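Read the structure below first, then the notes.
Atoms considered below: every heavy atom in the structure, side chains included; atoms not considered: hydrogens, waters and symmetry mates. Not measured: the values here are computed from a predicted model.
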Amino acid sequence: MLIPHDTRIALDTVVDLVNTAPESRPPRDDPADGLTGGSEDGLVDVPALYAFAERHLISGVGALGERDLTAVRDVRARFAEVFAAPDPRTAADLVNRLVAAAGTTPQLTDHDGYDWHVHYFAPDASIADHLAADCGMALAFIIVAGEQERLRRCEAPGCGHAFVDLSRNRSRRYCSSRTCGNRLHVAAYRARRKEAAG
């Protein structure tokens, strides 16, 4: 599946945003397992929102406040609904409402050393509208391609992370093969060894 660079960046952003929700960050029994998490909100306050914007190089972010934090959390909840949508029609309806509410204004830009790409938000858009428009259009790309089933949640027990399965055969089951996948493989190996020894 060929995904344009700016769409891939927006998909990474929406996945990270959805994974900041408390329900996507279940408590971990073993902090040494390498997984981030804990049932706290990853966007607990305005400084956390600034850090998220900085981590994802979100352009045009001015002064942020509690109102922005509340709006971004609302957008995050709508994106989580897209990942949970049972079918493409439901996902498309959710994305359509998100993008329409953001006041989408597509325009070409080549800022900050990036080649030409499309921004779907107005130049003075709030961070919530920026995320709703750009990330919503990235999800629209997946739905239009007939690939809605690639929007998944990790199948590892105790994990709830969202991810976009970009494997060729749509077979990815875990948010990370190095953490969740490896942890389950090690647990299965230990169980087999214990059974063989017992």
### Message
Let's go through Asp12 and Val164 carefully: what are the C-alpha distance in whole Å and the side-chain angles of both, what is the deciding distance for side-chain contact (heavy atoms from CB on, under 4.5 Å) to 0.1 Å, and is it a yes or a no?
### Response
CA-CA 8 Å; Asp12 290 344; Val164 179; over 6 Å; no
### Message
Please determine whether side-chain contact (heavy atoms from CB on, under 4.5 Å) holds for the pair Val61 and Ile58, giving the CA-CA distance in whole Å, both sets of side-chain angles, and the decisive distance to 0.1 Å.
### Response
CA-CA 7 Å; Val61 174; Ile58 298 174; 3.6 Å; yes
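Pairs engaging residues 86-103 under the salt bridge (Lys or Arg N to Asp or Glu O under 4.0 Å) rule: Asp93-Arg97 [sequence neighbours left out]. Listed by first and then second residue, the salt bridge (Lys or Arg N to Asp or Glu O under 4.0 Å) pairs involving residues 63-80 are Asp41-Arg73, Asp41-Arg76, Asp74-Arg78, Arg78-Glu81 (not counting sequence neighbours). The ring pair (Phe, Tyr, Trp, His ring centres under 6.0 Å) analysis of residues 63-94, with sequence neighbours excluded, yields no pairs. Listed by first and then second residue, the salt bridge (Lys or Arg N to Asp or Glu O under 4.0 Å) pairs involving residues 117-137 amount to none (not counting sequence neighbours).
Following chains of ILVMFWY side-chain contacts shorter than 4.5 Å, one cannot reach Phe121 starting from Leu64, and the two form parts of different hydrophobic clusters. With hydrophobic clusters built from ILVMFWY side chains whose heavy atoms lie under 4.5 angstrom apart, Val144 does not share a cluster with Leu151. Under a hydrophobic-cluster definition in which Ile, Leu, Val, Met, Phe, Trp and Tyr are linked whenever side-chain heavy atoms come within less than 4.5 Å, directly or via other members, Val72 and Val44 are assigned to different clusters. Under the 4.5 Å side-chain heavy-atom criterion for grouping Ile, Leu, Val, Met, Phe, Trp and Tyr, Leu11 is connected to Leu131 within one hydrophobic cluster. Linking ILVMFWY side-chain heavy atoms closer than 4.5 Å, directly or via other members, places Phe163 and Phe52 in two distinct hydrophobic clusters.
For Thr13, the side-chain hydrogen bond (donor to acceptor under 3.5 Å, both in side chains) partners at least two apart in sequence or on another chain are His56. By the side chain to side chain contact (heavy atoms under 4.5 Å, CB included) test, Asn169 pairs with Ser167, Ser171, sequence neighbours left out. Scanning for ring pair (Phe, Tyr, Trp, His ring centres under 6.0 Å) contacts around Tyr120 gives an empty result, with sequence neighbours left out. Applying the salt bridge (charged side-chain N to carboxylate O under 4.0 Å, His left out) test to Arg55 and every residue at least two apart in sequence or in another chain returns Asp16. Applying the salt bridge (charged side-chain N to carboxylate O under 4.0 Å, His left out) rule to Asp45 yields no partners; only residues at least two apart in sequence or on another chain are considered. Residues passing the salt bridge (charged side-chain N to carboxylate O under 4.0 Å, His left out) test with Arg153, sequence neighbours excluded: none. For the side chain to side chain contact (heavy atoms under 4.5 Å, CB included) test, residues two or more places apart in sequence or in another chain that qualify with Val99 are Val95, Thr104, Met137.
Residues Leu43 and Leu17 are in side-chain contact: their nearest non-hydrogen atoms beyond the backbone lie under 4.5 Å apart. Looking at Pro4 and Phe141, their side chains come closer than 4.5 Å, going by heavy atoms from C-beta outward.
Of all the heavy atoms in Ala132 and Ala102, the pair that sits closest is CB-CB, 3.9 Å. Listed here is the closest heavy atom pair of Val82 and Ala91: CG1-CB, 4.3 Å. In terms of heavy atoms, Ile143 sits closest to Ala92 at CD1-N, 3.9 Å. Closest of all the heavy-atom pairs between Cys175 and Cys154 is N-SG, 3.3 Å.
The distance from the CD atom of Glu155 to the SG atom of Cys180 is 11.0 Å, given to the nearest 0.5 Å. Going from atom CG of Asp110 over to atom CH2 of Trp116 covers 4.0 Å, rounded to the nearest 0.5 Å. To the nearest 0.5 Å, atoms CG (Leu139) and CD (Gln148) are separated by 10.0 Å.
Taking the charged nitrogens against the carboxylate oxygens, Arg170 and Asp165 have no contact shorter than 4.0 Å, which rules out a salt bridge.
With Glu149 contributing its side chain and Pro88 its backbone, the two residues share no donor-acceptor pair below 3.5 Å.
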